[in-house]
Amino acid sequence: MPQPIMASSMAFFLSELLDFAVYEPLRKRGLLVAMGASNVVGMLADSLLFLWLAFGSLAFLPGQLVGKAWMTAAALAVIALIQRRRAQAVVAA
C-alpha cells in the first residue's frame with residue numbers, strides 16, 4: 001500500500017475516534033460547542049499523524065490547520081444560522 005494512502009487511512013481512523021470521544025461528552029452542552037471542540041481535536045490529530053506518516057515532516061502543518069480551521073468556522077456559522085432561523089420559526093408559530 002502506498003505510504004500516503006496508509007497514512008491517510010490511519011490518520012482518518014484516529015481522528016474520527018478522537019472526534020467522537022470529544023463530541024459525545026460535550027453534546028449536552030450544545031451542538032456548536034461539541035462540534036467546535038471535536039473538530040479542533042480531530043483536525044489536529046488528522047494533520048499531525050498524516051503529515052508525519054506520509055512525509056516524515058510537519059512542514060505543512062500550519063497550512064493544513066488553517067485550511068481546516070476555516071472550513072470548521074464556515075460549517076459552524078452555517079449551523080448557527082440554521083439554528084437561529086429554526087428558533088425564530090418556532091417563536092413565530
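All values below come from the heavy atoms of this structure, side chains included, with hydrogens, waters and symmetry mates left out. Just so it is clear, the structure is predicted and the values come from calculations on it, not from any experiment.
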Would Thr72 and Val40 count as a side chain to side chain contact (heavy atoms under 4.5 Å, CB included) here? Give the steps. CA-CA 8 Å; Thr72 295; Val40 167; 5.6 Å; no
Please check if the side chain of Ser15 supplies one atom and the backbone of Phe12 the other of a donor-acceptor pair under 3.5 Å. yes
Contacts of type ring-ring contact (aromatic ring centres under 6.0 Å, His included), residue Phe50, not counting sequence neighbours: Phe55
Trace of the side chain to side chain contact (heavy atoms under 4.5 Å, CB included) decision for Asp46 with Leu14: CA-CA 7 Å; Asp46 182 64; Leu14 177 65; over 6 Å; no
Any link between Leu31 and Leu26 through a network of hydrophobic side chains (Ile, Leu, Val, Met, Phe, Trp, Tyr) touching at under 4.5 Å? no
When you compare the side chain of Gln3 with that of Leu53, does any pair of heavy atoms fall below 4.5 Å? no
Going hydrophobic residue to hydrophobic residue with side-chain gaps under 4.5 angstrom, can you get from Tyr23 over to Leu18? no
Given 3.5 Å as the limit, does a donor-acceptor pair link the side chain of Ser8 with the main chain of Pro4, or not? no
Pairwise salt bridge (charged side-chain N to carboxylate O under 4.0 Å, His left out) hits with a residue in residues 84-93, at least two apart: none
With side chain to side chain contact (heavy atoms under 4.5 Å, CB included) as the criterion, how do Val41 and Asp19 come out once you've worked through the C-alpha distance, each side chain's angles and the decisive distance to 0.1 Å? CA-CA 6 Å; Val41 170; Asp19 193 346; over 6 Å; no
Tell me, do Val33 and Arg27 make a side-chain contact under 4.5 Å, heavy atoms counted? no
Looking only at heavy atoms, the pair that brings Met43 and Ala69 closest together is SD-N, 3.8 Å
Stepwise, does the side chain to side chain contact (heavy atoms under 4.5 Å, CB included) test hold for Asn39 with Lys68? CA-CA 9 Å; Asn39 278 353; Lys68 290 176 181 183; over 6 Å; no
Are Met71 and Ile79 grouped together when hydrophobic residues (ILVMFWY) are joined by side-chain heavy atoms under 4.5 angstrom apart? no
